[in-house]
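One structure is given here, and the rest of the page talks about it.
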Amino acid sequence: MQVVVRDNNVDQALRALKKKLQREGVFREMKLRNYYEKPSEKKARQKAEAVRRARKLARKRAQREGGLPAAPTAAARPARAERS
């Protein structure tokens, strides 16, 4: 993996590197490898992830075909009331 540092701006390059690592799933894998995961737990987790991905794909497909309304954007959602 390679990140170019432009104009000696290390902060920007670091942000780009973190984003690339996040996208590749490196942080998630490090977290998973931090402790031992029983094979049965690993299988259950992978199955749950597959179900989640399939549901998300079906939801996106339904939105594209007009079966479901599009997910509300941040601008369309009402503002949360502040707690005091």
Side-chain angles (χ1 to χ4, degrees):
M1 192 169 297
Q2 187 176 12
V3 176
V4 179
V5 179
R6 294 190 182 117
D7 299 329
N8 211 17
N9 193 346
V10 178
D11 292 333
Q12 184 180 5
L14 191 59
R15 276 198 309 272
L17 176 64
K18 285 182 180 179
K19 188 180 278 189
K20 283 185 178 186
L21 290 172
Q22 178 73 33
R23 208 174 296 135
E24 291 290 322
V26 174
F27 294 126
R28 190 167 198 276
E29 188 171 338
M30 283 172 30
K31 188 176 176 185
L32 284 172
R33 288 176 184 241
N34 220 2
Y35 59 91
Y36 179 74
E37 187 176 24
K38 287 171 43 179
S40 60
E41 291 173 349
K42 184 176 183 179
K43 200 159 102 175
R45 178 182 51 80
Q46 288 176 338
K47 189 172 184 177
E49 288 173 357
V51 167
R52 205 173 301 122
R53 276 193 308 273
R55 282 187 184 150
K56 184 176 182 180
L57 183 65
R59 188 170 54 246
K60 293 259 186 196
R61 195 174 291 136
Q63 284 177 356
R64 249 185 271 121
E65 294 171 0
L68 289 175
T73 60
R77 280 189 228 127
R80 290 175 44 179
E82 289 188 31
R83 295 181 186 174
S84 51

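- Atom CD of Gln12 is surrounded by 12 or fewer heavy atoms from other residues, nucleotides or ligands within 6.0 Å.
- In the hydrophobic cluster analysis, where Ile, Leu, Val, Met, Phe, Trp and Tyr join through side-chain heavy atoms closer than 4.5 angstrom, Val10 is grouped apart from Val3.
- Here the straight-line distance linking atom CD of Glu24 with atom NZ of Lys20 works out to 9.0 Å at 0.5 Å rounding.
- You'll find the side chain of Leu57 reaches within 4.5 Å of the side chain of Arg61, heavy atoms only.
- Residues Phe27 and Glu29 form no side-chain contact, since every pair of their non-hydrogen atoms from C-beta on lies 4.5 Å or further apart.
- Going from atom CE of Met1 over to atom CG of Leu21 covers 5.0 Å, rounded to the nearest 0.5 Å.
- Side-chain atoms of Arg28 and Gln22, non-hydrogen and from C-beta on, never get closer than 4.5 Å to each other.
- Checking Lys43, Arg45, Lys38 one by one against Glu41, the side chain to side chain contact (heavy atoms under 4.5 Å, CB included) holds for a single residue, Lys38.
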* To do: Begin with the C-alpha distance, continue with both residues' side-chain angles, and end with the deciding distance and a verdict on side chain to side chain contact (heavy atoms under 4.5 Å, CB included) for Lys18 and Leu14.
  => CA-CA 6 Å; Lys18 285 182 180 179; Leu14 191 59; 4.2 Å; yes
